[in-house]
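Since we're looking at a predicted model, the values are computed, not measured. Residue numbers begin at 1 in each chain, while the letters A, B, ... track the order of the sequences.
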Amino acid sequence: MVNRQPVISIIGAGIAGLEAARQLSALGYKPVLIEKAPVVGGHVAEWNRLFPDMSPSEDLTGPLRAQTAGVRTLLNTEVASINRLKDEYNLILSDGSSLLCQAVLFATGFHLFDASKKEEYGYGIYDRVITNRDLEAWFNHKDDRRIDHPKAVGFVHCVGSRDVKAGNAQCSKVCCITAIKEAIEIKEEFPDAEVYCFYMDLRLFGKKYEDFYIKAQRDYGIHFIRGRVSEVGEAVDGRVVVKAEDTLNGKPIKVTLDLLVLMAGIVCNPDAQHYAREIGVAVDDDGFLKSRNNVDAITESSRPGVFFAGSCTGAKTVPETLAEARSAALAIHQYLNKPR
Amino acid sequence: MRERFANGFDPFVIPFLIGMAFVLGYCIVAMIRVYFQLPKPDRKRFLVSLVTPRTAWKNIKDIFLNCLIHVKLWKRNKVLGYMHSSIAFGWFMIIVLGHLEVMLFVPERIHLFYYPIFFNYFVAETEQTLPGSLLMFLMDFFLLIILSGIVLAIIKRFASRIVGMRRTTRLSLMDRVGLYSLWAIFPLRLLAESFTAHISGGSFLTIPANWIFRQFLGNDLHALPTWWAYSIALCVFMCVLPFTRYMHIPAEMLLIPMRNAGIKIRHPRKGFALLEVYSCPACGVCIDACPMGVRKANCKDATVYLNRQLRRGNERRIAEISDKCLLCGKCSAVCQVGVEGPELRVAQRERRKYALTPDYGMIDAASLSQHLSDLPFCGPETAPVEGSVLYFAGCMTHLTPAIRRATTSLLDKAGLSWKMMDPDGGLCCGRPLMMAGRSETAQELIKKNVEIIRASGCNTLLLSCPICYKVFKEEYPLQGIRVVHHSVFFQELIAAGKLQVQHEDGLRLVWHDPCELGRGCGIYEQPRQALSAAADLVEAGRHHAESICCGGSLGSLSLGFEQRRPMTQNALKDLTVADPDQIVTGCPLCLATFSRYADRPVHDIAEILDGRS
Amino acid sequence: MDFGYQINPSSAVNLDQVDRRRYDALVRLSPDAATCMGCGSCSATCTSSAWSGMSVRKVLLGLQRGRDAEVNRMLSACMLCGKCTMVCPRGINTRQLILTLCRLDKNGEVVR
Amino acid sequence: MIYQGKQKIWADYQKEIPDDHWFYVRSCIRQNFFPASEKYFLVICRDMLGRDIFETEHHTTCAGIAYHCDTIPQETAMTVVARQFALMTEAGYENFVTSCITSFGNYCEILETWREFPELEAKIREDLWKACRREFNKPKYIAHASDLVYKFRGEIAERAKYRLVARATGEPLRIVEHIGCHYAKMFPHKGVGGAEYPCVLSGMAEAWGGQVIDYPERRHCCGYGFRQYHIKANRGYSLSNTHKKFESMEPFHPDMIITNCPGCPYFLDRWQYVISEMTGKTYGQNGYGIPALTYEELAGLVLGIDPWDLGFQMHQVAIEPLLDKIGIPYDPARKYLGVDEKKIKTPGLPTTLKCC
């Protein structure tokens, strides 16, 4: 079927990269995974449980890892630069080697917004302010002195999302449902805690998400306050005083919390922007990589031989990312078999 | 006939006498108590009715027909009718015949309570006379009738479906004791009479039985214990009677005259309400009738259980059952003794205490009246004339604008002068408040609405909502103004030729009788006549007074949305047994509720008529 | 001393101090009340709102924000017509909710 | 509180402040409220630290108050500001330092506006020429006087006679810093430390031995708000804002408040009297208030300048308990002596707030 074994490099070994590698291997290719971290699995591997089934993330990443064990994987390796040749791309890697490939798949994923940039929320300043990533790490390891039997916990949605001042006007898509998931998990850990979610809009578009919301309201008594947190201060006892407008009530609101969780949004991985510019792949005005179109060619770039999978083109859920990875694998297969 | 014992006594009658004395004493005290719990005007009204020949005769007739013959039950279910009337009437006849025997043969013993009951023990047959044989025959005949009833009762208890009941009441412990003692009485009597039949004589039942028993029982030693057992069974039955459902036997005899006197429930727990509760025979007909019964969990919320909980004073369950009910009135419609389930429940709701009292002070009826007077009439006239119609859509119709549009369109087609009382929404009619047990508060709204209606100058008040219709008709002081439901109004217009409706051949419609319109106001035929002018009419499985509530009723305070769904679906299933093309109703709430789950179009009667005129 | 002006009470709602006993009692008695998502259907359809500003949404919110006087004023204006129950997209039995609330005293206890 | 977190933010918001040669413009109102502050700024910078600070009697208001009170359009304010710049240009300076926070904000706002709309700058140049035949260069650097003191904080600390510690215990004094709203809230990068955690005052306080406390309403306005105070009907609103701040800082038991704005120390000082009269509540220890100081007064104190020369007798809240705590000697008899050493009138005493 394939005359000459082509080389496909996959930049990033998160779930998008792993899934694409798995599919490409099944199609008979020998893809190369390039991962700058010392382990594969990306962000999802750091998460504890996944919505909406509350399945452990290990249930996803474990089999993915196992099934891609045979794929050539370069860990602790960054792409230093990429050159575009005729029909081929030459990747110079951080270890000095180079990789000539016929197709490049960007599975570069996202960066979690640096919550300390929202200075008014005091992440990195106030002890009791943490991020979604910190909370997931706590769910995994139960080791964080900041989380000590809180009686009142707040979740701030849209931290670094839908915020032009933070440089990201886009919705990060998964934070609403993640916040609700984490709020429920907090309630399960600390049933006596009052939990508040400060939201601008609740965007619960996915399957089972609305059920999650209703469950959070009715079964867990989580309070939803429509209003963006304006500022956070520290009370004399070290708890945080959170101010917001309760827009449904039309009045400012103030509450003292033991723990404030910032739902840091999803922004594009700056490395991906850098690589894209090097080979003339378009970057969208939201900072994410630009697909050939956003309807039926999400996984295709403006350049032949360059493909996208997962959140390098925008915030994605896990199932979307996996579907895109499969779709990208198929697109690469078709590209390599196209008579030219 | 001669007496076997000179003193006319045997100790075995003592249990019977104890039971009799207890039950009589109890019932008399209870009746006096109920009487004095009535408000004074009701007491007077009751006494007057007892001596008024018309009501007195009606009382006797009703007691005979209902308590003994169970005519209502016969109409509903022949097997059950036979079962109940066989036991009740048969027993009654045995008592009467027993007295006749005593009067005929030993008239000097008539003052002894127990003599007619245990007659066969105390006498020995000396010669066979025609009256004697006849009486003996009748005694055996009615005993046979009763026994056949008892057999049916036993079958019903273990396999209710055979006698046409899906569900039967779960009996309390006392009820069981009463039931088994009742079952025991008549076979024991048969045994006792059979054992002594060679002495006292007997008829076609007792004589052969006596002959059979004598074939293998050598002596009469077992006769006396059997009479003892018979007496004890009677004693047990009478002693437990006040604490069982059989209390309905004496209670109903007071309930009938009181109802005939026009007495209504005035207190949730006392007087007439108490009497209704005790009149409940726990037959369980209301369990099958209750639309909530489609959910098994709601079976225990039927009226029979309300009555039981009221007798037990279980406040938590009383509140729960009272709040859940849809107030569709079907249990009342099918109840043999006429226990008013909805009224009883509303009375419980009225008893409730609130921390907040409604206050409609901010509603300025005067300015609303002015606003309505300023509103121009639609139609030929500019000022109110005889026949000007004031159309009150009501809260629910505002959620079903199709009804409002069709109704006003029909008014225009009929060339009437009309105006709308609530074009931009109005006040509530007050019925939902009443259903929630807040009648006093509803009076405030009634007062304001009356002021507004009067200000319109119209003398016909047209309602497209039966909930409103019932309260406007029954509670509003609107003398001189005709209150009419649109289904009736349009039927009259069609009959009078003012509305031309074209019959659409082949279109099959089913009419759903809304609870408030049918059972609530007795309107069944006019909508059917009107619809017949427009299409072919088929009937639902249950219709007229037996119609099944749509499940959307405002009557229920606590039923949740999801709990109502199976009720609606059940009602829809019943409505579509004849496979109609469309479902038609006359209530916006039924319409909205059915539309949610119906597999075919649901329309208001006005829409059907408007579409074909 | 009269300065001709005074310290105005803060318009901010301090959730640390809000007495939510009535709300807590309500959701204990009818848990569906907690599922309100503030869509406002109930307010828009309310028969009484034209005169009183009655809104089940605002009642539920007010209970959680310590606006007792306003909540009571709105509750007293309800005519129990049931339209809000008909339109609630979450299927909340708003009518029962109102009746339940009317039965609670300020401590969240059912009056007897 | 994670101090390193703040340091990280401070590192992101460091602005360039030239060391010397400044053209100084005064505030309209400070000379009345805190008369010695501006004088001692000049004394400290010129005489003690040897810097070249130029000022001219020809400068006027920046028109900020009128602008924020909505009594003049921004173009007018711009022309006034242009004239100030012309004076600076004529004097041969490029660095512009203002005593007033509102002025600082006003200058920054106007310069930013001109950057965005150069045609407006051209028009103002034309207007200025028409009005007074002056021309100007835009300043190369613009700073608030507190930026300079912040820059010189180390030098001042070296010369300091007193440190901001309690003499009796050696504990650092607990200091609330209050930054004028117009300092960095409009343009976070124009303020030292940014808008959320400015370090212009906290840097001084810490350099001089104090400990800065962070309380929930730290960012809140002092309550002046121009229109809120100037119109009597709104004055309760102004007072309520200040009251909110005091309620919020109270649990931290601050020893003093330092400020860098003309209005803030005034309101934080005087409203304590009004609040005490209205509610009977005082926020300092033993019935005293919390002294609200300007940064110049604070610098003067640590440098050992006589409290009465610094004008503390003009404060509503008594400074004496603070002086006692630090161990700064003072002569109570001199408190109400005028420049000619004759006794001026002693003010009446409040009913609740303890003043001496």
Would you mind telling me which of C:R20, C:R57, C:Q17 has the largest number of heavy-atom pairs within less than 4.5 Å of chain A?
C:R20
Do A:K173 and A:F205 form a cation-pi contact, if we require the NZ or CZ to be under 6.0 Å from the six-membered ring centre and within 45 degrees of the ring's axis?
yes
Contacting moiety of C:D32, where chain A heavy atoms sit under 4.5 Å
both
Just one of A:H141, A:R49, A:K181 clears the side chain to side chain donor-acceptor pair (under 3.5 Å) bar with A:E136, so which one?
A:K181
Counting heavy-atom pairs under 4.5 Å with chain C, the top scorer among A:D246, A:V241, A:L257, A:V242 is A:D246
If I measure from the heavy atoms of chain A, does C:Q64 come under 4.5 Å with its side chain, its backbone, both, or neither?
side chain
Which bit of A:E245 comes within less than 4.5 Å of chain C, counting heavy atoms only: side chain, backbone, both or neither?
neither
Which heavy-atom pair separates A:L262 from A:A115 by the least distance, and what is that distance?
CD1-CB, 3.8 Å
Closest approach of A:I266 to A:S161 (non-hydrogen atoms, all atoms of both residues)
N-OG, 4.3 Å
Should the pair A:R146 and A:Y123 be classed as cation-pi, given the thresholds of under 6.0 Å to the six-membered ring centre and 45° from the axis?
no
